[in-house]
Structures are given as structure tokens and as C-alpha cells.
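Quick notes on the structure that follows.
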Amino acid sequence: AYAADFAAYGLTIAGLAVGLLVAGPPEQGWLLLACTVLGLGSWSGVAYLLHRHVLHGVQPFCQWHAQHHARPMALIGSPTLLSASLFAVLVFMPVWGLANVWVATAVTLGMMAGYLAFGLTHHAMHHSRSRNPWLARRKRWHALHHHRPAEHAGCYGVTSNVWDHVFGTAYRRAAEH
């Protein structure tokens, strides 16, 4: 199921992108591109908020996420059906209600692309021996998150530490690197 999440989202993202390119209204092309970029760009903030407030504060998610902290090399992730349902209910449907189906598809495409990038980055943090400097910095940041006691939690950002600095959850030692 863990690897299926990457495949399912990869295929869904490709399908949504092709759908927008082939069937989307050509006169809305630039708007749809902007909405896709907006969805992609907003993912890091959403991921930060979910990690900090849901995975570290709301049951049963907190308990499930604690399993990842206890066994960081285990292939533990959100069930695809759950995450896909949340994208449908919390992203696609509200945007469709506010705009139109094409804008909703574009925003959802961007958010899902951010989610996939997040998942691949998180997987690489725990399982890759890459010497990529960006990934090495992310791995150090994430290690600080994993190895601090719960009462001193922080470093919630996976693909970016921007939101940790904005909301004051960056460790001073981590902020110096």
C-alpha cells in the first residue's frame, strides 16, 4: 500500500494534467496554470499545519503518526483512500463550489503534486543515501524533529523550513544551519 500511494498519485496527477490540457477551456489556460501553481505553492503550508496540528495533536492521527516516530524506517504512510477522499472533500469540492470544475481541478492538481513531492521527499529522507545538498539539509532538519521529546516538538516542515520560522517552531540550533 505504501508504494501504491506514489503510483496512484503519479497517475492521478498525470490524468488531471492531461484532462486540463485536452478538455479544459483554452481561454482559461493561463488562469488554470496559475491555479495549479497556487495549489502547488500552498501545499507546504498545508503540510506544515497538518503535521503540527493534526499528526501531533488530534487522535487517532497522533497515535498513528507516533508509530512513524517510533519506527522511522518502517514504510508507514496515510492510506491512499483517506488522503484522496480528503483532497476531494477539502480541496476539490469547496473550490468547485466557489469557482468552476476547471479551477477546482487545477488547484487539486497542484495540491496533489505538492503532496506527491512531499511524500517522495519524506521517503528519501528516511531511505536515501543521496549526497544532494538540499536533501542533506532536509534530512538534518527532519532528524531534529524525530529526535526531540514531544514537549519540545518542532521542525515540522518536511520540504521547507519556512513555516517553522514563521510560526516559531524552528529550533535555534536548526535555524543556524
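Values below: every heavy atom of this structure, side chains too, minus hydrogens, waters and symmetry copies. Values in this document were obtained by computation on a predicted structure and should not be read as measured data.
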Checklist entry - Please walk me through it: do Ser128 and Leu135 pass side chain to side chain contact (heavy atoms under 4.5 Å, CB included)? => result CA-CA 9 Å; Ser128 171; Leu135 185 59; 4.0 Å; yes
Checklist entry - Can you check side chain to side chain contact (heavy atoms under 4.5 Å, CB included) on Trp96 and Thr105, steps first, answer last? => result CA-CA 8 Å; Trp96 188 8; Thr105 301; over 6 Å; no
Item to check | Stepwise side chain to side chain contact (heavy atoms under 4.5 Å, CB included) test for His123 and Leu75 | outcome: CA-CA 8 Å; His123 177 81; Leu75 300 178; 4.0 Å; yes
Item to check | Intermediate values then yes/no, ring-ring contact (aromatic ring centres under 6.0 Å, His included), His165 and Trp141 | outcome: CA-CA 12 Å; His165 289 287; Trp141 187 267; 5.8 Å; yes
Item to check | Worked check of side chain to side chain donor-acceptor pair (under 3.5 Å) between His145 and His56 | outcome: CA-CA 11 Å; His145 172 75; His56 283 274; 3.1 Å; yes
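Hydrophobic clustering places Val89 together with Val91 (ILVMFWY residues linked when any side-chain heavy atoms are closer than 4.5 Å, directly or through intermediates). Using a 4.5 Å cut-off between side-chain heavy atoms of Ile, Leu, Val, Met, Phe, Trp and Tyr, with links allowed through other members, Val101 and Val18 fall into different hydrophobic clusters. Note on Leu86: it clusters hydrophobically with Tyr2, by side-chain heavy-atom contacts below 4.5 Å among ILVMFWY residues. Under a hydrophobic clustering in which Ile, Leu, Val, Met, Phe, Trp and Tyr are joined whenever their side-chain heavy atoms come within less than 4.5 Å, directly or via other members, Leu120 and Ile76 fall into different clusters. Leu90 is connected to Leu82 through a chain of hydrophobic side-chain contacts under 4.5 Å among Ile, Leu, Val, Met, Phe, Trp and Tyr, so both are in one cluster.
Ring-centre distance between Phe167 and Tyr156: not below the 6.0 Å cut-off.
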Can you give each donor-acceptor pair under 3.5 Å made by side-chain atoms of residues 28-41, sequence neighbours left out, with the distance rounded to 0.1 Å?
from: Thr36; atom 1: OG1; to: Leu32; atom 2: O; distance (Å): 2.9
from: Thr36; atom 1: OG1; to: Ala106; atom 2: O; distance (Å): 3.4

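Using modelled atom types, one side-chain atom of Tyr171 and one backbone atom of Gly154 make a donor-acceptor pair closer than 3.5 Å.
Among residues at least two apart or in separate chains, ring-ring contact (aromatic ring centres under 6.0 Å, His included) pairs with a member in residues 97-117 are Tyr9-Tyr115, Trp43-Tyr115, Phe87-Tyr115.
Closest approach of Ala1 to Thr80, counting heavy atoms only: O-OG1, 4.4 Å. Contact between Ser42 and Met111 at its shortest, heavy atoms only, is OG-SD, 3.1 Å.
Between Tyr48 and the choices Asn161, Thr159, Thr169, the side chain to side chain donor-acceptor pair (under 3.5 Å) rule is met once, by Thr169.
Separation of atoms CG (Leu50) and OG (Ser83) is listed at 11.0 Å; rounding is to 0.5 Å. The structure places CE of Met112 at 5.5 Å from OG1 of Thr12, a figure rounded to the nearest 0.5 Å. With rounding to the nearest 0.5 angstrom, the CZ atom of Arg137 is 11.0 Å from the CE atom of Met125. Separation of atoms CG (Leu55) and CG (Leu49) is listed at 11.5 Å; rounding is to 0.5 Å. Going from atom CG of Leu16 over to atom OG1 of Thr108 covers 7.5 Å, rounded to the nearest 0.5 Å.
Between Val54 and His65 the shortest side-chain heavy-atom distance does not fall below 4.5 Å. In this structure, Leu144 and Arg140 have side chains that are not in contact, with every pair of non-hydrogen atoms separated by 4.5 Å or more.
For His146, the ring-ring contact (aromatic ring centres under 6.0 Å, His included) partners at least two apart in sequence or on another chain are His68, His69, His126, His142.
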